[in-house]
Structure formats: structure tokens, C-alpha cells
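Worksheet: one structure, shown below.
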2 protein chains.
Amino acid sequence: MKNNKKANIRDVARETNMSITSVSRVLNGKADKYRIAKKSQDLIMEAAERLNYVPNFSAANLRSGKSKTIALTIPSLNNPFFAYLASEINLSLRKEGFVTILSDTFENNEDEKSILRNLLKRNVEGLILIPSGNDYEHILELQKSGLPIVCVDRYYEDLNLPYVTTNNFKGAFRATEYLIESGHENILCIQGVVKSEPNKERIRGYKEAMFQAGLKNIRVSGNDFSIQNGYLETKLAINSPKRPTAIFTLSNTIAMGSLKAILEEELSIPDDISLITYDDHPYLDFLITPLSCVEQPRADIANMTVKILMSMLSDSEFEVSQVKLDPNLKLRDSVKTLNGKQT
Amino acid sequence: MKNNKKANIRDVARETNMSITSVSRVLNGKADKYRIAKKSQDLIMEAAERLNYVPNFSAANLRSGKSKTIALTIPSLNNPFFAYLASEINLSLRKEGFVTILSDTFENNEDEKSILRNLLKRNVEGLILIPSGNDYEHILELQKSGLPIVCVDRYYEDLNLPYVTTNNFKGAFRATEYLIESGHENILCIQGVVKSEPNKERIRGYKEAMFQAGLKNIRVSGNDFSIQNGYLETKLAINSPKRPTAIFTLSNTIAMGSLKAILEEELSIPDDISLITYDDHPYLDFLITPLSCVEQPRADIANMTVKILMSMLSDSEFEVSQVKLDPNLKLRDSVKTLNGKQT
DNA sequence: TTAATTTGCGCAAACGCTTGCGCTTTAACA
DNA sequence: TGTTAAAGCGCAAGCGTTTGCGCAAATTAA
């Protein structure tokens, strides 16, 4: 290695007395397709190795139009649910030979827009999106331009975009049903971002379960997937004339806030009040009372997303698929069985 | 927009009767430097807008050698501490006009290697690395090739690489000191990956504090930053002939395991046993007993890292800087004051 | 009016790769 | 021996930018 300049494909060609063309073909695994002799292949491989040749992606990308890059935008890496999805999607894409450009939008719709505009320049081949708001003009435009897009968890109902999410209706229905079966009738549901699709579906599930049980006392409050929202709404509820016997929080962040309020009021779970939440998390096992929850099939969501995106990439006629995976009720100790009811 | 083919710089040039050169200069903010008339600038900007021109990064990158891309490898996105760092670094880089290619190595040294090899092809301009093991041959090689690298949190002591981390010695020292001031003498320290630099420093801090207090009863066990390790070691300690009065866990994952063991044994914190841990986390406030901890200056770590990397990029003579930021002792309610000691 | 300077801009050569097309050599067949 | 097919490979044209250099026109100075 006398020359410390990076080797390029030409160097390999010169070294082997082969053409650039053949080198390119061998290095891209197309040797057999173009009938390059086994001997030549070995020669080239060996030389590439020896020269420490690293292909220049920009050049390849410029020529071929393929960047092998997928953009992933996510509302907040600090939300463990999203972090898990990001991690799993990243891995899954890597296995397919793609690289992930990840951006954290901090739940900001405007930032999401400008981030996406910037990513576009980079010839990304596809976009995996956990939306950060209700504006979708920019997404629509991307879709029109032919960029394959898959939404995860959240999605836009008005848009004909592929998505994969949990069956939020079912999850909320089951959780509520479980509460009701345990004898609860006065159930408060603390919601997150009101207009987000998962939230709407969960509320629908809650209401349907209440309805089927003949319970008219629908109580929904809150407006954000935040600790603070959970805290405030729980404070309010505890001090309301008719204190709920059970609370159903629609995310584990809300549950955190709720828990804080309950502790402050010196109530205990589940003796004084029951709590169940959407989203699992390892920490839930270690709380004052381990919290029962609706567990989402996180790994499946991630893998399904990548699978759909790959289909879209290889087949432009791929028809939009919108997938809802079934959640799972994970019971721990935070729900009390009331007055003689059986579990 | 009759033509739905993507516009390129040539289209803009044609549209404005300017040369490609001028268009490029205007669009790259170098208009004034090259004295392009204000009128022409406006003309070009307007046309670019109208044609919906999006520059092709690969082409620019190929020509200029600048990819405006930084690789970030991280041992696990599921570790909230790392997720936070990733998120903050991502934001910080974005502000500097860079894009982050993030990869989760799942704490696997081998994967780290192959991931980095792949990223190299993409002309990344720099690497921010939270190492996933003790092998550093591959890193050394990258460094030799001239790639700017900054380590975060963990680092290789033998390598002359810039890093930014917490002053782990100080953090552990203070935590141990606090335990001792609270009257504890039998203190178990449950460590993580033995050979990792942060771990070694923390152990050194623990020992030094014990030493200065004249305490000879050094108890260090464990070998992994995992829940399981915390669980096992705590189980063992609780059932040992001389049960410690306090446990100092070296990460919040270890603390989780420790907590689980303590609960299982039906001991209470801090009445039966005290617990303090490295790393803060929002959830720590909501545990059965809010845990006192050594809080790392996460935001500062992230921003300092980016700052150093940027310096390296703009000034190749930049001398290696190795920064240790001071941690902060965050007291909650998990340490008991023993026999008449004052806090 | 002429010379010197400034203003405003463009030419054309890379950057390193992929790929459509086609050429030569060798083997197979009749 | 001539014809055909297969094997093995290379030419050269781009992909869309950036950038060193240089040149004409306009302005200013003398």
C-alpha cells in the first residue's frame, strides 16, 4: 500500500488487466449472468481485497438511480415504543441491504415537513413514516411523486396509503371488557391526541365495550400522549364527585402521569383504584403495582412494514395494503375484581 | 407541470437562460461570492421553485466528495439512555446540515464491524460511535484512513480517539460517598461489562470512596449491563451471610433486575435495603420507591460530541479532545440513613 | 479617449460508476 | 470444413453535479 489514495474501480481493472465493466459486474454479483470466467472472478475479487477497494456509492447511485436508502421518520425516540420500532425496522432493512436514515421529528408536524423535504434530495427509495400530526399535504405530494411510503402505528384515514398498525379497536375493546368483567362500571378513559387514528379507534373500542355491557356512563377526557396529560386528568377525576373505580389510559406515558397522581393522592392500586393501559414496557413490571396492559405486537409491526415496503419497491403495481395486527392483553396486578365478580 | 420527469439543474438553466454553473452557484448560496446579479439570482430561485427542482445529492456528492452524512452506531436503541443520545445527536447534526445514518448494533461487536464496513461505502464524512465491545481493530483502521471519529459514553483507553463521556469516577465516588455518609458500610456494587471503560472508572470511584472512608469491605460483583445480571447478583447478595445494607448498581438496567429481586424477597426499599443507581430515567420516579441516582448530563454529552466532530471536519489539525463531563447526584427516597447519622 | 478595474457569467473537465450493445474467440455440430 | 451457438469480455455513453479558469461587457479612473 504505497499509495494511500482510495482505490477506485479503475485501479482494480488496471491491476487485473480486466475492463472496468467486468470488474463492476463481478463485484456486483452479476458475474455469472454475464459469463465472466471463474478464474477472472477470483482474480478480481482478490485484487479488490488487496487494494482495499471500497465502491463509491454516490457514483453507483448516480448512475443506477438506486440509493439503497430508506428514510424513517419517527415522532420521538424517547418513546420506548417508537424506539423499539425504529430499532427493529433498522435491523430488518439492513438485512434487505438497505440503510436507514432516521429522523426524530419531536412530534412536530412542521419539522416533519422540512425534514422530509431535505431527505428527498438524497434519492431515498422509500419512506417509512410514523406521522407527527394531521397535516398530510406534504405526504400526499410525496406519494404522487411515486415514492413508496408505508405508515406505521399512526396513519391518515383519508389517504390511500399502506399502513401497519395494531388493531386498536380490538385492544381497547378487550381492555375495557376485562375491566367490566371485573365488575367495574365507572371507567374513565384518558386519551391521547384526539384526532390521531389509533386514538380514535381505541376510543371506539372503549365505547363499544361499554355499550355492549349496557353501560351508559362514558367518560373520556384528555388530549395528549403525555405524562402531564395523564397526571392532570387523573387528579381531576380522583377529586370529582363520582370518582372512577378504574382508569384506562391510552398510552404508557399517560399511565405514568396517572400513576403519579394516584400516588400523590395516597391511593393504592388496585385497592383504591384500578389501572390498565395501552402499551407494554419492561418497566411496567417494576412499578409500585405491576400494570396490566394491552401489548402491541411490536416486532411483527416492524417486520410487516419492511415487508410491505419491499413489495412496493419490487412491484410498482403492488396494491395498497393496510394491515391491523391483533394486540394482546397482558394481565398483571393492577385491576381489582369488584363485589363478588369472578375473573 | 406537463412534464412529470424530475427537473434537473440543466432544466433550470435552460428555463432561465443562465448557465448550469450559475444555477449551481445561486442554489448553493455562493451567488455573492461569484457576483451573480441579484436579478439573475431571483430569476433562478423562482424557476427552481416553479420547476420543483430538487438537487441530486449523489451527483453533488460524487463531484464534491462531501456527503453531508454522519454515521451513528449505537449498541441498543432500547436502552433509553442511548436512545436519548441518538435523538439529541440526530437533532444537533441536522442543525449543522448533516444527516444521520443510524445503526443499532445490538451490543454485538461483530455486527458493528460489518455495519461499519457497509457504511464506509457511503462516503460518510464522520462517525459517532458508542462502541459495542472491546475489539477495536476495525476502528483503528478507520481512524488511519482519516475518517473523523468521536466516541460517546464508552471509549477505548488504548486508542487516541476523541471521546466525550461522563466523569464516571466522580459519579461513582459521589454515590458511594453519599451511601457512606448515610451510615452504610456494607455496600455491594453490581457492575456491568467489566472491561468497558465507564465500568472500570465507576468501580474505581466506588473503591476510592470506600478507601477514603477507611472501609475495607469492597464488594463488587456482576458482569453485564442487563436486568438479569442485576437480578441474579442481588438474589445472591440478599441470601449471603452478610447481607449488604446498600446496593449500588452501575446502570439503570441492572437496577431493574436488582429491584425485581428485592421485591421477590419481600424486602422494602429503603427500610430493609438501600439502593442507588447510575443513570436517571423518567420511570425511576414512578417505581415502588423512587430511586436515587447518578444523573448523566445527556444533552451536554450529545452536543459536545457534535461540536467536536464539527471541529474535526473543518480543521483536520484539530487535536484530539477527550472530555469528561460532571455527573449529578439526584436524590430521591431509596437510601436510608442508618443509626443516628445526619444527612 | 484610453487603461485599469470590476462585474457578471460560462466552458468544459472531471467525479466513479453502470449498462446497452456488440465484438472476438472458442466449442459444438453437421 | 463450414456454420452456428455459446462463452467471455470491452467500448463508450451517460448519470447530475461542482469548480478552476478565463473572458466579455460595463464601469471607473486618469
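Just so it is clear: chains get the letters A, B, ... in the order the sequence lines come, proteins before strands, and each one is counted from 1. Any value given below was found using the heavy atoms of this structure, including those in side chains, with hydrogens, waters and symmetry copies removed. Everything numeric in this text was worked out from a predicted model, so none of it was measured.
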Checklist entry - Once you round it to whole Å, what is the distance between P of D/dG16 and CG of B/Leu51? => result 15 Å

Checklist entry - Could you state the CG-C1' distance from B/Leu43 to C/dG8, rounded to the nearest angstrom? => result 14 Å

Next on the checklist: Side chains of A/Gln41 and A/Asp32 only: does a donor on one sit below 3.5 Å from an acceptor on the other?
Outcome noted: yes

Checklist outcome for this item: For B/Leu77 and A/Ala86 the tightest heavy-atom approach is CD1-CB, 3.9 Å

Item to check | Spacing between B/Arg10 atom CZ and D/dG14 atom P, to the nearest angstrom | outcome: 10 Å

Item to check | Integer-rounded Å distance: C/dT7 C1' and B/Ile36 CD1 | outcome: 10 Å

Checklist outcome for this item: In whole angstroms, the gap separating C1' of D/dT17 from NZ of B/Lys6 amounts to 14 Å

Checklist entry - Can you list, by residue number, the residues of residues 14-24 of chain A that have a non-hydrogen atom closer than 4.0 angstrom to DNA chain D? => result A/Asn17, A/Met18, A/Ser19, A/Thr21, A/Ser22

Item to check | Atom pair distance, as rounded to whole Å: CG in B/Asn8 and C1' in D/dC15 | outcome: 10 Å

Checklist entry - Nearest-Å distance, CZ (B/Arg35) to P (D/dC23)? => result 15 Å

Item to check | OP1 or OP2 of C/dG22 under 4.0 Å from side-chain N/O of A/Tyr34 | outcome: no

Item to check | Trace of the side-chain contact (heavy atoms from CB on, under 4.5 Å) decision for A/Ser87 with B/Asn78 | outcome: CA-CA 7 Å; A/Ser87 165; B/Asn78 290 308; 4.1 Å; yes

Next on the checklist: If the cut-off is 4.0 Å, is A/Ser40 near the phosphate of D/dG8, judged by side-chain N/O to OP1 or OP2?
Outcome noted: no

Item to check | Check: A/Asn123/A/Ser67 side-chain N/O donor and acceptor closer than 3.5 Å | outcome: no

Checklist outcome for this item: Here the residues of residues 56-66 of chain B within 4.0 Å heavy-atom distance, strictly under, of DNA chain C are B/Leu62, B/Arg63

Checklist entry - Roughly, in whole Å, what's the span from NZ in B/Lys33 to C1' in C/dC9? => result 15 Å

Next on the checklist: Salt bridge check, A/Glu141 against A/Lys144: does any charged N sit closer than 4.0 Å to a carboxylate O?
Outcome noted: no

Checklist entry - Reckon A/Lys30 touches a base, only the sugar-phosphate, or nothing at all at heavy-atom distances under 4.0 Å? => result sugar-phosphate

Checklist entry - Are A/Asp111 and A/Thr105 close enough, and set up right, to give a side chain to side chain donor-acceptor pair (under 3.5 Å), and what steps lead you there? => result CA-CA 6 Å; A/Asp111 284 357; A/Thr105 65; over 6 Å; no

Checklist entry - Could a donor-acceptor pair under 3.5 angstrom be found where the side chain of B/Arg25 meets the base of C/dG8? => result no

Checklist outcome for this item: Only one of B/Arg117, B/Gln143, B/Glu112 passes side chain to side chain donor-acceptor pair (under 3.5 Å) with B/His138, and that residue is B/Glu112

Checklist entry - So, for A/Arg94 and B/Ser103, which heavy atoms are closest and what is the spacing to 0.1 Å? => result NH1-CB, 3.8 Å

Checklist entry - So, B/Asp42 and B/Lys39, do they make that salt bridge, N to O below 4.0 Å? => result no

